[in-house]
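Chain letters run A, B, ... following the sequence lines, proteins first and then strands; every chain starts at 1.
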Amino acid sequence: MLKEALRRLLWLAPTLFVVTIPTFWALSRFAEDASRSTESLPLFFNARPSGAKERALAALAHMVSSPAGDQAAARTLVELGGAALPHVLPQFDTLAPDARRRVALALVPIAKRMGVGQTSDFESPESAILFFSRFWDEHAIDFRPAVVRRVVRRFAEHPSALRRMEVVELDSFALPDLIDAMRPLKTDADVTRARHVCDVAAHVGSRPWRIPPGASLEAAKSVVATWEDHWLEHRGDYVAFTGTSRLAATFRETRYGHWVERTLRGGFGTLKDGNEVLAALRERGPTTLWLLLVALFIGYPAAAIAGAFAGIRRGRLGAGVIFGVACGLSGITTVGVAVWLSVSLPAALAKLGAAVAMASGTFALACLPFRDAVNDVAERPWLRAELAIGASPFRVALRNLRYAGARFVALALSDFPGILTAAFVVERAFSLRGVGDLTVSAVRTGDLAWLMSLAFLGTLAAGLSQIASDLVLSLCDPRVTLPTDRARRVLR
Amino acid sequence: MNRGHWLKASYWLLGVLAVVTLIGGVVTGGQETALSLGVSALRYTVVVASLVVLLSFVVGLGGAALAALGPPTFDVVLSRAVEVAGALPSVVVVAVLASVARTSPIVAIGTFLALKRGLESAKILRAELLQLAAEDFIVAARASGIGEVRLFRRHYLPHVARSAFSRAMLGAGAVVSLDAAGSFLGVFPNGGSWGGVLAEALRRSSFFLFVWPALGTAITVAALAVVADAIADRGRLGRRFLN
């Protein structure tokens, strides 16, 4: 059985991967509808991933074709920064004189950010052309991945003004290595290193995310996480996809690919209000978890005992009362019970009221199915034999209690979405700060990050619980596996 | 009143609900009165609950048959489908379903509950079918050269159809509960069923508006449970020893 559990645990990862695909598709469509916006990236497959090269050449083409100079294309070139230079500057000689002038002027802000050249170099288009031609002749060798990696590593390990200048001269071309150099982040020395690296990244990337001097480890981690999130979204602006990286980009440069990367990194991304999903889960999760535990350890056992009693003593007064209570609670619904208790109980007893509402909601959900399950269990041959020879129903129920365990867990698992909904209702009625509010707001605004995190964790929990329930089943009732195996053998 | 009386009363009640559902629109004349709104909510509830019962019966039985008797892939697909169905809170799934399928929340509620109940039922029925597959009469029938479809129709179906149907009937009450929760949370607009009326009653703090849908749901759930018991008991031998 342990082997089987291990096998299923190993299968859980690919299962999660497969399950998230349709979920992501549905939730993305829903999120687009809810937020009335469309994302630029394709959902699952990017047939033509656009990297720094494609963007730079497209901007260059616009500049060349527009006699008056395309302002948007010029802005794009400035945003791409140093990452565009290896693709634009080698084309200089092929451009018409007018187009060359326009392009040279568009590149001036980049040169200024890089701290290269004198004011006189940019006074006229001709001097700018001359400057950039010379610059590329001298520095083309520096715009190579191995060189950049070495320059950034030297700066990260032993920062100095001179080494900083070397990195700044590469501008956004150095961003991939700068992002890599921000991690690991475990000690105070790491914080200092990350502070220097973030400072240069903020300069070359024109972003405000810097680590202030004396910042704590947590503050530094937060800034680095912001950089990593930004990098995930805008990596394509600074990296040229060639060879295998182009092949990988067909998956990585998609909305699903971004989500997978974020999840593997353990962050789940950020909410629409700017907060981290993980931080929100840490803050609000315990309240919802507490309500779920009330459902599992109070509501369910109560429903199981009452359902079993109602099933065994059907036709008697006690069973009728239980049946009536279950039907009544189904009619009033969790909403009715929660609102009534929240209005009638004093604020000091709010938690008690929430627990009662949660337990009653679970009771209404599970009592009748348990009653039905008792009738099914009574069909087992050995139980029929015990009952037929005169054993009392309660004695039989007690002796065979362990066989109901698996059914109990299975029902609890299948009712999980309903129980979670009941927990949200109770949170709203008693103004508790749980994940319900965030989920409702995510549904309204189409917050994909939150909904996908919820789906991912829900699937993971369901998968693990399923394995656990099967283990419980085999431990409680080894006979159950025998007919299954026998039947499978017969069918084959 | 003995069980026979309760059963008769339940049949009568469900019959009356069916009649009101069918001719309700004619009686109220399409006017915006409290009665017409009440009848409209009742019709929505009954129609969607019926959809849940029928669809979950079909999904449950079909899914179980494929998982237990079909290729092993179906078995894996059923397990994964149950896991997916349990991944998100019901209100979120209904909101997403309504948006993606461009349908009203009450139809999405019906579809979601039918599929979810059907899948749950399929898992339990699958185990019953696997146990039946090892019984002597099935082995004998198989040895006599009977076809798979005929084998299922003649030998499997009579053993599992009753319990599948009774299980499907228990899912009907969840329609009201889910519509009430969704309307209360503001995740989807009032679906128009008794659940929507319940949520509206709580918003207005109106006791009288609250009582009748609650009572209606409770009585309907009770009637469905009594009928489900009666259907399932016909095939249960062990039940006789409990009474």
request  = Would you mind telling me which of A:Val443, A:Leu27, A:Thr23 makes a side-chain contact (heavy atoms from CB on, under 4.5 Å) with B:Val96?
outcome  = A:Leu27

ask   = Would you say B:Phe57 has more than 12 foreign heavy atoms packed within less than 6.0 Å of its CZ?
value = yes

message = Less than 4.5 Å to any heavy atom of chain B: does that hold for the side chain of A:Val339, its backbone, both, or neither?
response = side chain

Any donor-acceptor N/O pair, A:Thr421 side chain to B:Ser90 backbone, under 3.5 Å = yes

task = Quick one: which of A:Leu329, A:Val335, A:Ile419, A:Leu368 has the most heavy-atom pairs under 4.5 Å with chain B, could you say?
result = A:Val335

query = Looking only at heavy atoms, what is the nearest atom pair of A:Thr439 and B:Val92, with distance?
reply = CG2-CG2, 3.4 Å

inquiry  = Report which part of A:Trp340 has an atom under 4.5 Å of a heavy atom belonging to chain B: side chain, backbone, both, or neither.
reply    = neither

query = Which region of A:Ala423, side chain (C-beta onward) or backbone (N, CA, C, O), has a non-hydrogen atom less than 4.5 Å from a non-hydrogen atom of chain B, or is it both or neither?
reply = neither

ask   = Can you find a pair of side-chain heavy atoms, one from A:Leu454 and one from B:Pro89, that are under 4.5 Å apart?
value = yes

task = Measure A:Phe323 against the heavy atoms of chain B and call it side chain, backbone, both or neither at under 4.5 Å.
result = side chain

request  = Using non-hydrogen atoms and a 4.5 Å limit, figure out which bit of A:Leu451 sits close to chain B: side chain, backbone, both or neither.
outcome  = both

ask   = Within a radius of less than 6.0 Å around CZ of A:Phe309, do more than 12 heavy atoms belonging to other residues, nucleotides or ligands occur?
value = yes

request  = Please identify each residue that fulfils salt bridge (Lys or Arg N to Asp or Glu O under 4.0 Å) with A:Glu427, with sequence neighbours left out.
outcome  = none

